[in-house]
Structures are given as structure tokens and as C-alpha cells.
**Q** 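Take a look at the following structure, please.
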Amino acid sequence: MDEIDFVSIEKKWQKTWEEKRVFEISEDSGKEKFYVLEMFPYPSGAGLHMGHALNYTIGDILARFKIMKGFNVLHPMGFDALGLPAENAAIKAGVDPEKYTNDAIENFVKQQRALGVSYDWSRMVNTANSEYYKWDQWIFLKMLEKGLAYQKEASVNWCPKCDTVLANEQVNEGKCWRHEDTDVEVRKLRQWFFRTTEYAEELLNDLERIDWPERTKTMQRNWIGRSEGTEISFEISGGEPQISQISTDKVILVDAVHCLVDEKGNVNQELKNYLDSLPNRKIVLTMAPKSKFDLFFGKVKDYEIFTTEFNPKKSSPKYYEKVLEEFNLKKENVVYFEHSEDGVDSAKSLGIDVVPYNGDVKKVKEFIDSKIKPQISANARESGNVWKVFTTRPDTIFGVTFMVVAAGHDKLDELVTNEQRLAVDEYLRKMNSVSEKDIERREKEGVFSGSYAVNPANGERVPIWIGNFVLADYGSGMVMGVPAHDKRDFEFAKKYGISVRQVVTNKDPLDFKNRYTGKEAFVDDGVLMASKQFSGMSSLEAKTDITNWLAGKGNAKRVVNFKLRDWGVSRQRYWGTPIPIVYCDGCGAVPVPEKDLPVVLPKEVKFGKGNPLETNSEWLNCKCPKCGGKGRRESDTMDTFVNSSWYFLRYADPKNSKKIFDFDKVKYWNPVDVYIGGAEHACMHLLYSRFYVKFLRDIGALDFDEPFLKLFHQGMLHAEDGRKMSKSLGNVVEPIETMKKYGVDATRWFLISVASPDKDFDWSEKGILGATRFIKKVFEFYDSFVGGKDSEELVSKLNLCIKNIGNYYDSFEYRKATIEIRELFGELEKGCSKDSGLKFLKLIAPICPHVAEELWEKIGEKGLISVASWPKVDEKVIKNKGQKISGEGLNEKIVERIKGILKSDTKKVYVYVMPFEIGQIDKEKILRDIRDSKLDIREVAVFAVNDSTKIDPAGRANKAKPGMASIYLE
RNA sequence: GAGGAGAUGCCGGAGUGGUCAAACGGGGCAGACUCAAAAUCUGUUGGCUUCAGCCUACGGGGGUUCGAAUCCUCCUCUCCUCACCA
């Protein structure tokens, strides 16, 4: 058998499709549209990699299938051509970025064409073309008009040697990627932002309406990060630190249970009243039976009761040590309450304060009062300086022992007192180095600001710290520290010796596992304690009640916060869309009028020091559009994600020079029905595009809410060794090579037949050989094709396949399609009619378009299979493989099987069948038939497997299957 | 830490209550062709076997059911994403 010349077959059909403009389409109101889109690539000099090939193949199969199903299919391709690599190539090799980009695009197109993808090339979009980015600028102006584009100071990575801003990817361990000896600095620059937060709520809610992978939607939800909580106002009072509140941390260790409750169960009311009167936190640690304490305290409210097992040998020093250790208590924080002599001695030997109890409550009071300093009620100065704080746990407000403000907060200086100035400055210097910022899981650090805040719930003054774990741009940039009930606060408080006050206890006091131990924060919801009138309330209730209570005093309100930040679009880079703004001394930042768009990137620029736009005075200097005076262009360009946020709209009308696009054309084609691309864009491109569409809708350019109705992520393709394909590992497989060696269709077949296309998989040389083998087999079969007759099985199988494979193509279950195609081909090989042969070709055409065309022609068909219609399913001829065997057949089968296993001494036969089959069984007939061969069979008993009265000595009933009775002989 | 996805025979990977010892591919083994190999084709590929069936199997334990790879429950392990968001 001669080698099949796949290369010339491919060329032949690619040329035909191009010449006949098979895939160039236009609006047709009589046809239902379908818009298939693959993410457009960044045209890198390296050309197509296998991941691209997979991406395009997945889209192409769907597009081709939809064409055959009679849809008017829009399947375009373009290039995300602005971006860093072109600029870097320019810096490194002195290549003109535009030339670099155009060469790369040319190479890409060549390779994409070679893959046989059904793109409408007449609609190609290139974002580096000023005819495209003109409309980026137009959108920018519209946003500006609506107040959705604005300027503010923001931090950037700055390399002093490059004299430019670096992208995050260009900073390695705090050093510049090009100057490894240079520390990158954090600088504040005035930058442009898009107000994505304006749409936060809608971006979140509309996720429910689109058919996207759940994990991607979850990622966006987390990214948007909506949380409901309370904003609480804290008054600031600077100046002198007052007596700290730390000493209320004392734990009263009660061992003498009968001090509290006597033998008869009478509560020592005097002592109880006293303990109840103690301020704030009161913890009673007991080693006595819980029941006695319940009597004493009634319901657990302001007390945290640590109970340990009753232990007769408890008075030994060792035992106390163990107890202290178990509850993570320091002996200096414990006041011990005891009556027995050895208990007192043991405690004293450990250096614990002991209250010897002999029935005199007065003495106890005096002693405890001397050890526990009463809470100093802070008299907040009416300074009028109020800071707001966001919290999702207003129920813990009584547990606030400090505040933390972000190191990068704008108004930080207002809090820093003269005494603390030096310490704070030193701390901030440390924080500002990027290397500090980059360290993973860096420790919580902070410094006291010198100021205090007044807790509106209890009037307490608490110190305000400056900390690195608080984000300046989330909430208000300040948090209330509740160390007992927040992990971070706890860590911070422990590090700096700030007091910890428990205000929430577990619901079940006997739950030893899940409660506040003092070793770590107790972050679960529970029951409030030491929280004034809210003590005893559940966290859930308290969240509402405390918020309402504070709101009533004008100190709080319910708010919703988002993690989502506004999108900073300024890039101090050359190869991007220029921001259409001119700065004028008199008029400030003036937008370039629409009629003057596009602001085109200058061609002649000098790379080397910083952003080349900044040193290009010819381009930079211009007239102020407002006053006509001296103006200076904005030298920052836009983030490249701006370009990709709306390109899918431009495909509908790619050459329009008057408008961003014709609204009616966009209305016809959009939204995108199926969008295919990598999962790595979940939170950037896919979110920005949704934002853009919502904005364009609001200015009347669109009439839909979401850009991509359905989203599909292809899996990652690894090298044969299971590792990532990379040049340095030398394991890269180039699609262009593979296509040459095995043919395009085999490559396409392989890519989608190894695994479900949404799963990761490894390249396999054996695998592609298998694909090639199959395609050759198909080719050879048709090569000598003479129509024959269809078997009943074939007709059934063929129609089932038409139905199933169609569904598979629709739902990206391509791997299953290849499996059924192989099975069907196995049937076909046994002989088939010409009609069936043609239908089979149609089934494989979306995956293997070149071979399908070639064989279609060879077999004598006119026209192109690419635009032929998908075969109709004849449901009637599909034999149901689950079809029930008729009563007749069932009985015969049973007889046959009984005969097969009959023994010479068999007297009785038990037959077990499925419950729904029992009615079809003819007992008499079975008996008659087996008697023919063996006369002394006396009885045949038939049971349904679920019959509870059945006789089944050998447990055979559970072996029965539909159509397959189980038999037991006796 | 939070969220998501998984665990099937030598391997990749179907299978979501009964015709499942488990599709399809790869690999292995045997045979055909050949001087021989590659390619191709045929058969076979859990164990025991009187080819009827029995036993052991779909990460591990427990459960539901006449019946579980498939449903419930607990456990173990793997992968991915975001991570100091108050």
C-alpha cells in the first residue's frame, strides 16, 4: 500500500475552502446564528504551540458541526498584539516592535491555516492596529464621561536603574529582573483606574445566569469577595497612654467547690454576687464536678468554665502544673481559690497567688480586688476625630483590646504621636522595601502609633497599632483587634503582649474539643459572654442586635464590602494603547476630543531608559485641546487587557472606521455562544470583559448583559514525560512538526481523543501513531470502496451514532465521539451501502475535515462535505440494547440453562427472576420442556428476587439479572 | 486557612442502580505474512476451571437495596485555584 500523501490533500482542501470562501459569512436573518470563539493569541515569535492547536481544534470541531447543522456560524480569529514581549524584543535585539508583531502574526496565520481551522479570515482583528485601538481610546473617553475612569495615587514597583515601573512578573525576590543587584522600590504614582467596583454587585449576581465551569465562577465570586458586615465608628484620642487594661486577664482558679455550693446544694449568694460584680472577664477554672457549678452559676453567661475530670489526687503540685499547661495559663495570671491545706501548699509551692477560703467572703473580696485591678473606664476625649472600621463580627465588639491601621494608610500621620514618630518611621521604611513585601507568609509585625481609640460599645480606650497585615485598600484600612476570636489578631496580640479578652464561648460548655483554650483564637460562632446586656445571646442574634444598638447611637451602620478593587490600567510602557489625555498647566488633565482619535503611537522611539514615550518630545508635546496652549501627552499606555476586553464585539464589524461597531451587526452575532480558552484567565480577562459589556450596555451600545454565554476551558497539554513542555527541558513538541509527520487530521484526532478536552493530558508518540493508524484504515477502506448492503446491526448502530455523536459534539465530549466512531467503523468494515459510507464521512468531518473532503470527492459526491448537512437520525431503526426479552424467549432461555446444568439426581428446580419478569414466566411450560429430557423432575418453583417468602437455600436469588434468571437445583 | 476537582484493570481513560470481569485506545502475549524485522492482520490479556460456572476485583471502612464501580456516610490520599479581605 502506497503512503498516503496527507500534505497535498490538506493543501488541496485548504486552498479550495479559501478560494470558494466557504467560511466567509455575513448576517442572515433567515438563519439562526451561532458564535464560536477561541481566545485570540498573543502573537509571540515562537509561533503556535501544541496548546494553541488543541484550543483551535476544540473550537473548530464545534464550529464545523454547527455549520453542518445549518447554523450561520461566526468563527473568527485575531491577535492580541500589544504587549510586553514585543517591547522586550525591541529592547534586547533592537527590533521594531511593530515589525516583530507583524512578522509573528504572519507566521501565526500561516500555521493556523495549516491546521485547517474554519476561520473567517476576512474578519481578522489586530489590536496593535490604530484602527482598532482607536476604539480602546473611545471607550476610555466614554468611561471618563461617566465618571468610571479616574486618577489616583497608587503604589508601583520602581527600578531606579531602569528608571521605570516594572510589572509584578519582572520583580524577582525584590530585585529588578534586569538589574539583579538593584532593590525594587515601592513608589506612589498618579495612575488611571477604571471603576470596576461600580459593577461589583452585578458582576457577582450575573454569574448565576451563565453556563460557565463552576470552578471559574467560584474563582470570580471569591475574587469579587462580597461580604456583609458592620461599619463601626471609633473615636480617636491621641496622647498619653493610660493605665492598661491588661490586668483583668486574671483567672480565678476555684478548687474548693463547697465554697460555692454546700453539701445541701445551697449557693453561697454573697460570693456569687461578688464574682458577678467583677468587671469584664471572669474565668472560673474548676476541677470539681460540673453539676455543682451549674447550681452556682445557673446558666453560663459571663463565665467561661473550664472543667477537668474530678480527680482525688488533685492537690499535688504536679496536678496543678498539668492543669495550667492544659489550659495554657501562666501562673502569674492565676488567682487560686482553695481551702484545703495541702492544696494551698501545693499552689504556693508553684508560686501561685492563693486565696485561702475559710468562709469569710470579705477577705476574699479584698484579696481579689488587690490582685485584679478594676477596669479603668476611659473618658474619651471629645476630639471629634472618628475612624470607621469594617467588621463581619460585630458580636465580638466587647472583646476589642486594640486597633490596627494599615501601614500604607493615607491618613496614617494623623495617628502618630511625637513620641512614637521615630519608631513608626523606622517601621515604615522596612515595610516599603519590596523584598519585605514579597516574603511569603511573612510574620505579623507592627508598631504602636501612640494614639487610642474609644470602643463605642463600652467606652474603653484601646491602643492603635500600625500593622503589616492590614490592607489599606480594603474596608477602611483599619481593623478592630479581637484577639480571642480572630486568628490574626491573636497572633499579633501574643507577639506584642496585648491582652486577650474572651467574649464568645462555645454553645455547649461540656464540649472540650471546640472551645477557647487561650492557646489559639476561638473563631466559631457561639454564645456571648462578658458583653453587658448581650451576654448569653448567640453570635448570630448578637450580630444584628449589636449593630442595631450601635446604629441607634449613631456609631454603626450595616455595609457590604467587596474584595474587588478598581482596575489600574496605567502602564509605563511603550507597546500599548496610548491614554488619550493631554496635561495642561491651566486646564489640568484634558481628554483628547473624539474627532482627534486615534492618538497613535510614535514609530521612531528610543528604547533604553524608561518609557520611551517619555523621552520622545516630538510626540509628547502638543496643544491643549481646551485652551490651545502648551500641552503634554499622557505618556502612560493602557494595560493590554483593555484590548482583549471587547475584541469579540469587533469581529461582528471589524472594518468599521466610523463607529466602534455597527450596533445591529453586533446585536445579530453577539453574545458569544461558546467561548473556549485556558482557565488561567478566570479573574482577569474574563472579568474585565464582563465589566466592559456591562458598561457598553449602559451607554446604549449593546443590548445584552454578558459577553460569553457558555465557557469552556481546555486542559493543559504536557510533554510525554508528564512535565510542562518547555524549551529548557527540551521536551517541546511543535504542532507544525507533528502535522507534517502524521498529518493534520491525525494530529487533531489525537488531541481530542486522549482525554476529555477539559482535562490535562500528556503528549504521546504512541498515541498519535494510533490516531494515524485509524485514519489510514479509514482512508484505505474508502480507497477501494464499492457500495454494498447494510446489515440490520449497522443501520441501528449508524443511527445511534448520528444521534450520540451529534450530542457529543455539542457538549465537548469529543473523546466519546472518537470512541463511537471507532466502534461504528468496525461495523462499517464488514460491509455497507454507499449511503452509510457517506453518512460516516459526515460524522468524522468535524474532526478530520481534510480526509473527509478527499474521501467525499473520491466516492463521487459533489460539493463540499464541510458545508453538507448533518445526517438525520432514524430513531425507529435503533435497536434498544436494553430491550426486554419477550416472555417466550425468556422461558426458552431458562429451559436451556436448566438443561445445561441438570444433574442425575435433581428432583426440584428453583428459578429466580427479576420482579418485573415474574409475570412473563410460564411455569408449566418450563416443567414440561425439561421433563422431555428428564422425567423425574417433580417441581419447578419460580420466585421474584425480592420475594421475601422465597425458598433460596443457596442464595442464588442475588445472581439473577434481567433476562438472565438464576437457578438452583435440589 | 478558604474554595473547587478527583481516586476504575499493566497504563491512559469510559462507565452513574441490574446484559459490568468493566467500552475505546495504548502496551503485553500468541499466531499469520516475511529469510528476518518494521508495518499490517487475527486471537488473547484478573484467578480457578467440567467454557457451565465459581472466586477475587472499580482508594479504605460502614450503610441502603433482592442487587452497588454507580446511592448515603465516615476516613485516607492526590491535584488545582485564591490566599493575612477584618
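Residue numbers start from 1 in every chain, and the chains themselves are labelled A, B, ... in the order their sequence lines are given, proteins ahead of strands. When reading the values below, keep in mind they use all heavy atoms of this one structure, side chains included, and skip hydrogens, waters and symmetry mates.
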**Q** Within this structure, what is the CD-to-P distance between A/Q220 and B/rG3, rounded to whole angstrom?
**A** 19 Å

**Q** To the nearest Å, give me how far apart CE (A/M219) and C1' (B/rA83) are.
**A** 13 Å

**Q** Rounded to whole Å, how long is the line connecting atom CG of A/D762 with atom C1' of B/rC11?
**A** 11 Å

**Q** At less than 4.0 Å, is any side-chain N or O atom of A/S764 found next to OP1 or OP2 of B/rG26? Yes or no.
**A** no

**Q** Looking at every non-hydrogen atom in both residues, tell me the closest pair between A/F750 and A/G767 and how far apart they are.
**A** CD1-C, 3.5 Å

**Q** Once side-chain contact (heavy atoms from CB on, under 4.5 Å) is applied, do any residues pair with A/S753, and if so which ones, sequence neighbours excluded?
**A** A/W749, A/T818

**Q** Can you see if the side chain of A/R773 gets near the phosphate of B/rU40 - specifically, an N or O under 4.0 Å from OP1 or OP2?
**A** yes

**Q** Could you state the CZ-P distance from A/F779 to B/rA39, rounded to the nearest angstrom?
**A** 22 Å

**Q** Return the set of residues passing side-chain contact (heavy atoms from CB on, under 4.5 Å) with A/K816 (not counting sequence neighbours), or none when no residue passes.
**A** A/Y808, A/E813

**Q** Among residues two or more places apart or on two chains, list those pairs meeting salt bridge (Lys or Arg N to Asp or Glu O under 4.0 Å) that have a residue in residues 751-770 of chain A.
**A** A/K741-A/E765

**Q** Would you say A/K759 reaches B/rA14's phosphate, i.e. side-chain N/O to OP1/OP2 under 4.0 Å?
**A** yes

**Q** With sequence neighbours excluded, give me every salt bridge (Lys or Arg N to Asp or Glu O under 4.0 Å) pair touching residues 799-811 of chain A.
**A** A/K66-A/D810, A/K803-A/E875

**Q** CG of A/D395 versus P of B/rA86: gap in Å, rounded?
**A** 14 Å

**Q** Can you list the stems that RNA chain B is part of, where a stem is at least 3 pairs in a row, each Watson-Crick or G-U, with both distances below 3.5 Å?
**A** B:1-7 with B:76-82, B:10-12 with B:24-26, B:27-32 with B:40-45, B:46-48 with B:53-55, B:59-63 with B:71-75

**Q** Identify every side-chain donor-acceptor pair in residues 769-776 of chain A under 3.5 Å, counting partners at least two apart or on other chains, and give the distances.
**A**
residue: A/T772; atom: OG1; partner: A/I768; partner atom: O; Å: 2.6

**Q** Check each residue of residues 813-822 of chain A for a non-hydrogen atom within less than 4.0 Å of any atom in RNA chain B, then write out the ones that pass by number, or none.
**A** A/R815, A/K816, A/I819, A/R822

**Q** Please enumerate all residues that pass salt bridge (charged side-chain N to carboxylate O under 4.0 Å, His left out) together with A/K487, with sequence neighbours excluded.
**A** none

**Q** Please report, to 0.1 Å, the donor-acceptor pairs under 3.5 Å made by any side chain of residues 821-830 of chain A, with sequence neighbours excluded.
**A**
residue: A/E823; atom: OE1; partner: A/K797; partner atom: NZ; Å: 3.0
residue: A/E827; atom: OE2; partner: A/K830; partner atom: NZ; Å: 3.4

